[in-house]
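Both counts, for ligands and for their atoms, begin at 1 and track the order of listing. This chain uses plain numbering: 1 for the first residue, then up along the sequence.
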Amino acid sequence: MTFSSLMNAIALTFYIIILAWYSHQTRVLGHGFLGNYGKSRPYEEGLCASLISIHGYKCQELEVTTNDGYILSIQRILEGRVKVEGNVTKEPVIVQHGVMVDGATWFMNSPEQNLPMILADNNFDVWVVNTRGTKYSRKHTYLDASRQEYWHWSWDELVTYEMPAIFDYVSKETGQKIHYVGHSLGTLVALVSLAEGKWENQIKSVALLSPIAYLSRIKTEIGVIAAKSLLGESLTVLHIAEFDPKGIPVADFIKNICVENGLNCNDLFTLITGPNCCLDRTAFDDFMKVEPQSSSTRNLLHLAQTVRTDRLSKYDFMRPHLNLFHYGQLNPPSYDLSKIPNNIPIFMSYGGTDALADVADVQKLLNDHFQDHDKDKLSVQFIPNYAHGDYMFATNANQLVYTNVTSFFKRKF
Ligand SMILES: *[C@@H]1O[C@H](CO)[C@@H](O)[C@H](O)[C@H]1NC(C)=O
Ligand SMILES: *[C@@H]1O[C@H](CO)[C@@H](O)[C@H](O)[C@H]1NC(C)=O
């Protein structure tokens, strides 16, 4: 491991934590997390009621239980605003958000502007996921979210347990092959699931927005300072299993680092995601009312480990005997993205100013693993002025990105 890649690893963790502190600050400043969300309904009622049905979409709240016991909240948008007459079979689409946000993040703009509703209005049967640990997905068959054990997972478990549970559920309900669209961590989970052969008989096509797989080329201004803090280790030492951005221990910890290092911690969202070109102020304020959400510290550590190397591996327990116990070997096993089948239809869109899905990292992903992909089954879009957040709720993402996703899903391969 080189010194600079170690610094980058730490910098990523640091950035994420800074986001957390920022959110804590906004809460302290009175733009509270609670309070009324959305235009007219309290967020507390659930995503269908607060964000979806109010716009005239037929929406169903569902629960999916994973084999490791997590009970996930899923919103199924069965119908767009205009009911289609006749006997049409709708194709299912799973919509997967990134790390430290939840499904609400897609609904910050008008129905004409947001991805799930555009898909619903194009006659897709839309399934919006909320990852374990987020506001509506904190139930478990026997673990309470206040227990350390509840948070003993990283994106490995999303690949192994969470996604298969959702895919099996949607397959069983619809009897059809599934389209998948993911943002950020939702793309990493997809790439690894495909490489591991998890979705083999269930997937129809995949859209990846702000794809992350390799992370070692992330450019950060504060890497040097972050390197000194060795944050990941410290959090582990503090036994903080739930990485709750709104929790006092995490927030205070970050605040101290900012203060001690004389960091300007204003506008951390931009610092983390890049200079988003096209976010609406009101949408952004709404976003900050409901996000960021909890993740597990282990999940963030696993991401930080990914930043260190050009290799994708399972979570490194950082103690040889623990790796031996979990994996039967001293180092965590690698994932091999070259195993992604060449005939899966894949749409990818990446932005030129994205601070997390760095252009050089995306290009490495494309060069290393998609050279041999069937040419007619790979569609890559590059948007020079887009950053990470733009893919979630830029005001023009409908025209630039989401219509491409929709038409890609409608293509006959
Ligand atoms: C819809 O189509 C299916 C299969 O094509 C058929 O079994 C069913 O009876 C049809 N339903 C209606 C209401 O026409
Ligand atoms: C995206 O959509 C625009 C407008 O329809 C089109 O010109 C462009 O080729 C599409 N790009 C991709 C990669 O699908």
Can F284 and F269 be said to form a ring pair (Phe, Tyr, Trp, His ring centres under 6.0 Å), step by step? CA-CA 10 Å; F284 180 76; F269 183 77; 5.1 Å; yes

Contact residues of ligand 2 with a heavy-atom cut-off of under 4.0 Å? F347, S379, V380, Q381, N404

So how far is it from E112 CD to H55 NE2, rounded to the nearest 0.5 Å? 9.0 Å

Find out whether the Lys NZ or Arg CZ of R132 is both under 6.0 angstrom from the six-membered ring centre of W153 and within 45° of the ring's axis. yes

Contacts under 3.5 angstrom, residues 372-380 side chains, donor-acceptor by atom type, not counting sequence neighbours:
residue	atom	partner	partner atom	Å
H373	NE2	N342	O	3.2
H373	NE2	I344	O	2.6
K375	NZ	Q371	O	2.9

Results of side chain to side chain contact (heavy atoms under 4.5 Å, CB included) for Q329 - residues two or more places apart only: Y327, P333

Any pair with a residue in residues 54-127 that passes disulfide (SG to SG under 2.5 Å), sequence neighbours left out, goes on the list, sorted by first then second residue, please. C48-C59

